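Here's the structure, in structure tokens; my notes come after.
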Amino acid sequence: MTEHQEVDLAALERALRTEVDGEVRFDAGSRGAYATDGSNYRQVPLGVVVPRTVEAGANAVAVCSRFAAPVLSRGGGTSLGGQCTNEAVVVDWTKYCNRLLSVDPQARTCVVEPGIVLDELNRQLAPHNLMFGPKPSTHSHCALGGMIGNNSCGASAQAYGKTVDNLRRLEVITYEGARFWAGPTSDEEYARIVAEGGARARLYQGLRDVTGRHLAEIRRGYPKIPRRVSGYNLDSLLPENGFDVARALVGSEGTLVTVLHAELELVDVPAAEALLVLGFDDIYAAADAVPQLLEHSRPSQLEAIDGRMAQLMREEHAYLDSLERLPEGDSWLLLQFTADTKEEADEQAYELLRALGRDEDDASVALSDDPAREQEMLKAREAGLGVTARPPDGSETWEGWEDSAVAPERLGDYLRDLERLFGRYGYQQASLYGHFGQGCVHTRIPFRLREGKGIEAFRAFLFDAADLVASYGGSLSGEHGDGQARGELLPRMFGQPLVDAMGEVKALFDPDNRMNPGKVIHPRRVDDSLRLGADWRPVPRETHFAFADDGHDFGRAVLRCVGVGNCRTHQGGVMCPSYRATREEEHSTRGRARLLFEMLGGHDDSPVTGGWRSTAVRDALDLCLACKGCKSDCPVGVDMATYKAEFLAHHYQGRLRPAAHYTMGWLPLWARLARTAPGLANATLHAPGLGRLGKRLAGIDPRRAAPVFAPASFQESWRRAGRPEPDPRDPRTVLLWPDTFTNHFHPHIADAAVRVLEDAGFHVAVPAGPVCCGLTWISIGQLATARRVLTRTTHVLRPWLEAGTPIVGLEPSCTAVFRADAPDLLADDQDIQRLAAQTRTFAEQLVNHTPDGWQPPRTSRAATVQTHCHQHAILGADPDRELMRRAGIDADVLDAGCCGLAGNFGFERGHYDLSQAIAEQGVLPAVRDTAPSAFVLADGFSCRTQIDQAATGRHALHLAEALALAMDGPPPSDLPEMAVPRPQPRPAPARLLAAGVAGGLTGLAAAAVLAARNRARRTP
Ligand SMILES: Cc1cc2nc3c(=O)[nH]c(=O)nc-3n(C[C@H](O)[C@H](O)[C@H](O)COP(=O)(O)OP(=O)(O)OC[C@H]3O[C@@H](n4cnc5c(N)ncnc54)[C@H](O)[C@@H]3O)c2cc1C
Ligand code: SF4
Ligand code: SF4
């Protein structure tokens, strides 16, 4: 049967909905989000099934089989060879089928479901001091099903081998419904299976038959190197290898069976590690040294980094600490040794150095004795793909020949030949790095995948490279699998007879070619179904933001996402809170980037239609918190918050927006209006019935309490105090930025900041008139308004901008606008560029710019500190840490992700549950665990509000408040925040409430009129 056959999609979808316990999605958004994996390929799936149980997943396969619909299992979707994209029903195992079912510590085995993520598995195994040995770089988000599918491994393969070497049994189901546990099969067991008869017996007999007929080819044709991943593992079926059907199925990339459960073999977690780094003149010399190193030592990892990668890291300001630790040289080998004690691990390194006639003091040798540093350096190596994917010079590099492998003894010569081949095709400057201890080389190549000639060259190069590696007795893939990128090349490595034998195995398991068709065996051409391709024609789009780092091209910005999938991690950093809480591809940074890519309209078969008006894209972006976590945490800096703002600007152009856009989005304006009667505004917003009605009208979730306006804004109090305005040119003058949140809701923070700044010797100025950074308009995509607001603000700030006065921000999100969004939105405005350059955080001003000798007030307290996401992404928190250190604050700076409120996001109707779920993943439990005597510190208004409203019994302070408290002597021993005033709502008489409602409604009506007028102005 051919790969293509009409499937009755409507009937298939109905049957899946009726018969499968799971989420069944055939909508444009889901299909768009799953159209690409981490590879160069793109195929739009028929639909997506997210089974709630393994049984339901097996049912889904059965239903697809009835409809003759192709099936593709999916884990983290990080495959690089195109094996995880297909015109098939995608079964995503990761959301629900992700349990560790049992552990046998004595036997050192465990049983897992296919969707469990490797790091999560190892976290759960940690109490037994056990772990699964193979560890791909994507360990924080790749799933065991995917690892089995690809026969994955990583640096640790030097010690533990590949997935195939660490697997006991698999429970599988075939497309035709045979379900069984497979493993090594003794002759007795084989006889029993055959005697039972049925589909399994036929399969086993068939496998014996194929192996028997191709015995000599199998024994001869599989390279005897550590990193052969290409092809089916027919060698596992050899009698001398125990006719191991489970291991034969490992690495079959979903083309033979669906894996339902796996019994894994586990290893001990190493007690101690040492890292030795050796420098070399170039990467070839490093490769040449490998055999000698292996002769004298048994490292648990032997990794390589070349000078090109180090250079890119420097240019991208990534892993600078690790680079500093590298010894002299242009390229480096990193050897890790493990043992029961640190001394034993170190001794292995010393022993090797002695054997080489080198010692620790050589300039080209570095021996680390700091485990954290060691991990950081190995992480830098692991980050290779991200670092080399989008070099700062704007060029693009691609996978395709990214993991070939040869015997380690021949690596140096192979690399020299490969470099020559690069030269012939004009692919200079490719970084070469990887698992040199096992002869596996990583690289990304500047293929030209948007034009016919470039694609011809890509194809020709792959064939030449395949011949080259085959001439070395190597493997096309040493790690990532074949998929579509290597399927067509397999005969060059194995020869046609062996590939025919693999074809026979395919026919046994999947006679109609419905399991992940077109991959590995009977493959599509290597240059088919490319994500870009010569006929890719995205519609050019005018944008509000400049996208200067992407050649002023929104399409290029969207293309940044290379599919690594770090945005699917479960812990650490900020990216991506909506994925962490939903476990939905569509609500990950990658899913959103994929949908925006589809929206560009470059491919005729895109499920996403309507361009900027696409509701599928709008829905995927709806749960993006615009936290900017991806801007810093994604290895290639995908900046989804900005893409979302840009999208919303066009999506709603000339149309009525959701109510919250006019209420929360225009907050600075309402806050100014509320100044006429703040008490009345508070009473109206907090009166039980009226408040609820008001929230409904305003598009705010009824469970959210409105923030409370302070009786007087900070600017009002400042004006009333009549303080003389300092000279902007005086070097001691700083301008304190009165952001909306501090000014109207928490003015005490600004008062506190003034005290501390003055204590440090600064003269504080405050703008007299209304000013605003435009943040709320940016986050809802009212970008023309945001531009107007920013321009007006720079007019007010002009004297300070011209004098070069530092502008000190207290609210991280507003400060981040000045540093990042504003210069991108008004790229040609010199005042905006000055504003960006002159803006500092409170801590930056006090740590980096105070007169010598100033010490902050000391308060010897512990503190739980929540860093605002925008601070994490744009501003950095090192000066804050230093300021706290100098103040004697023992800070536990949380690595717990976003607070979940993120400006207006958590207030908007429909977002409350997600907002709370995100907060409960880290921030709120940490606040609850904070000792009563300790501070809870959060500089972001959103974070403070989320903590306040979660009834943790604690209220968060701004760092400025904690320091100002310390100036007055020791704060209360318990709940120090009680010493700080916060506005409280007061009830008001009914008559006044009615007036308040009338005023609010009038405001909303005025907003609607204004919006309509703006719309009319824009409509031609
Ligand atoms: C930046 C980067 C670095 C990488 N580094 C490494 C590395 O160090 N080592 C390495 O080996 N790989 C690496 N890879 C490739 C990839 O991450 C790994 O192979 C990973 O283990 C795949 O896991 P996954 O869950 O993402 O699998 P997916 O991509 O989801 O799936 C992989 C294959 O398994 C099949 N599959 C998934 N679940 C099942 C199931 N239940 N039944 C049957 N088949 C199934 C899929 O159909 C597909 O063919 C890297 C990729 C990237 C992007
Ligand atoms: S958004 Fe970033 S982290 Fe996520 S897949 Fe794309 S490149 Fe990777
Ligand atoms: S801005 Fe935040 S929520 Fe949105 S995609 Fe990026 S990390 Fe996820």
Side-chain angles (χ1 to χ4, degrees), residues 37-39 57 71-81 83-84 86 90-94 97 113-115 117-118 134-139 141-155 157 162-163 172 229 249 251-260 262 382-386 389-390 399 402-403 434-435 442 478-481 483 515-516 519-520 560-569 574-579 587-594 621 623-631 633-644 869 873 898 902 905:
D37 49 12
S39 72
V71 176
L72 168 66
S73 275
R74 179 154 163 144
T78 62
S79 287
L80 290 161
Q83 60 267 49
C84 216
N86 217 322
V90 172
V91 182
D92 182 342
W93 297 95
T94 53
C97 303
E113 295 180 337
V117 164
L118 177 60
K135 191 174 177 187
S137 306
T138 45
H139 51 89
H141 51 285
C142 70
L144 260 293
M147 288 184 69
I148 293 163
N150 283 355
N151 191 11
S152 304
C153 57
K162 300 174 294 222
T163 296
V172 299
V229 165
L249 293 171
S252 56
E253 303 179 12
T255 61
L256 297 180
V257 292
T258 301
V259 175
L260 302 177
E382 245 179 34
L385 189 149
R390 262 316 259 271
E399 50 274 349
E402 79 287 352
D403 65 327
H435 315 292
H442 288 320
E479 194 165 78
H480 301 155
M515 296 291 295
N516 203 7
K519 314 292 163 159
V520 191
R560 268 180 186 268
C561 175
V562 289
V564 173
N566 285 12
C567 45
R568 288 176 54 103
T569 56
V574 170
M575 174 177 76
C576 167
S578 53
Y579 173 75
H587 299 306
S588 69
T589 318
R590 181 176 71 180
R592 294 180 178 120
R594 297 304 190 222
L621 289 173
L623 295 192
C624 168
L625 290 90
C627 68
K628 289 190 185 285
C630 43
K631 187 174 167 74
D633 296 1
C634 163
V636 285
V638 169
D639 180 7
M640 195 52 65
T642 301
Y643 308 168
K644 176 179 180 178
C869 305
C898 176
F905 179 86

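The analysis underlying the following values was restricted to heavy atoms, covering all of them including side chains, and did not include hydrogens, waters or symmetry mates. A quick note: this is a predicted structure, and the numbers were derived from the prediction, not measured. As the structure lists them, so they are numbered: ligands from 1, and atoms in each ligand from 1. Nothing fancy with the numbering, it's 1 onward along the sequence.
- Ligand 1 has no N or O atom lying under 3.5 Å from any N or O atom of His141, backbone or side chain.
- Residue contact annotation: Cys576 places an N/O/S atom under 2.8 Å from atom 8 (Fe) of ligand 3.
- For the pair Pro114 and ligand 1, the shortest N or O to N or O distance does not fall below 3.5 Å.
- Ligand 2 has at least one atom lying under 4.0 Å from a heavy atom of Gly565.
- Here the closest non-hydrogen pair linking Leu118 and Pro134 is CD2-O, 3.5 Å.
- Close N/O approach between Glu253 and ligand 1 is found [any backbone or side-chain N/O within under 3.5 Å].
- Regarding atom 2 (Fe) of ligand 2, its nearest protein heavy-atom neighbour is Cys634 SG, 2.3 Å.
- Each of the following atoms of ligand 1 lies closer than 4.0 Å to a heavy atom of Glu479: 6 (C), 7 (C), 8 (O), 9 (N), 10 (C), 11 (O), 12 (N).
- Across every non-hydrogen atom of Arg560 and Val636, the tightest pair is NH1-O, 2.6 Å.
- Atom 36 (N) of ligand 1 has its nearest heavy-atom neighbour, among Pro635, Gly481, Cys153, Gly145, in Gly145.
- In this structure, Val257 counts as a contact residue of ligand 1, since one of its heavy atoms falls inside 4.0 Å of the ligand.
- Residue-level proximity to ligand 2 for Asn566 is carried by backbone and side chain together, each with a heavy atom below 4.0 angstrom.
- Heavy-atom proximity to Thr138, at under 4.0 Å, picks out these atoms of ligand 1: 2 (C), 3 (C), 4 (C), 16 (C), 17 (O), 20 (C), 50 (C), 51 (C), 52 (C).
- Among the atoms of Val564, none of the N or O lies under 3.5 angstrom from an N or O of ligand 1.
- Here the protein heavy atom with the shortest distance to atom 4 (Fe) of ligand 2 is Cys567 SG, 2.3 Å.
- Using a non-hydrogen distance threshold of 4.0 Å, Gly637 does not register as a contact of ligand 2.
- Looking at Gly251, Gly565, Ser73, it is Ser73 that brings a heavy atom closest to atom 47 (O) of ligand 1.
- Listed by number with element, the atoms of ligand 1 under 4.0 angstrom from any heavy atom of Thr258 are 42 (N), 43 (C).
- Those atoms of ligand 1 with a heavy atom of Ser137 less than 4.0 angstrom away are 3 (C), 5 (N), 6 (C), 7 (C), 8 (O).
- Protein heavy atom closest to atom 6 (Fe) of ligand 2, with residue, atom name and distance, is Cys561 SG, 2.3 Å.
- Using a 4.0 Å cut-off between heavy atoms, Leu80 contacts ligand 1 through its side chain alone, with no backbone atom that close.
- When only non-hydrogen protein atoms are considered, atom 16 (C) of ligand 1 lies nearest to Thr78 OG1, 3.2 Å.
- Here is the list of ligand 1 atoms found below 4.0 Å of a heavy atom in Gly254: 44 (N).
- When all heavy atoms are compared, the tightest approach of Val574 to Cys869 is CG1-SG, 4.0 Å.
- No part of Arg568 comes within 4.0 Å of ligand 2, judged by heavy-atom distances.
- Below 3.5 Å of separation, one finds no N or O of His435 facing any N or O of ligand 1.
- Within the structure, ligand 1 has Ser152 among the residues with a heavy atom less than 4.0 angstrom away.
- Which parts of ligand 1 touch Leu72 is read off a 4.0 Å heavy-atom cut-off, strictly below it: atoms 47 (O).
- Residue contacts with ligand 3, taken as heavy atom pairs separated by less than 4.0 Å, do not involve Lys631 at all.
- Atom 4 (Fe) of ligand 3 lies at 2.8 Å or more from every N, O or S atom belonging to Cys630.
- Neither the backbone nor the side chain of Ser588 has a heavy atom within less than 4.0 Å of ligand 3.
- Geometrically, ligand 1 and Gly563 share no nitrogen or oxygen pair separated by less than 3.5 Å.
- Contacts between Pro136 and ligand 1 below 4.0 angstrom, taking non-hydrogen atoms only, involve backbone and side chain alike.
- The closest heavy-atom contact to atom 33 (C) of ligand 1, among the options Val91, Asn150, Val520, Val562, comes from Asn150.
- Under a 4.0 Å criterion applied to the non-hydrogen atoms of Arg74, ligand 1 contributes the atoms 30 (O).
- Considering only non-hydrogen atoms, atom 32 (C) of ligand 1 lies nearest to Ser79 out of Gly149, Ser79, Cys84, Gly75.
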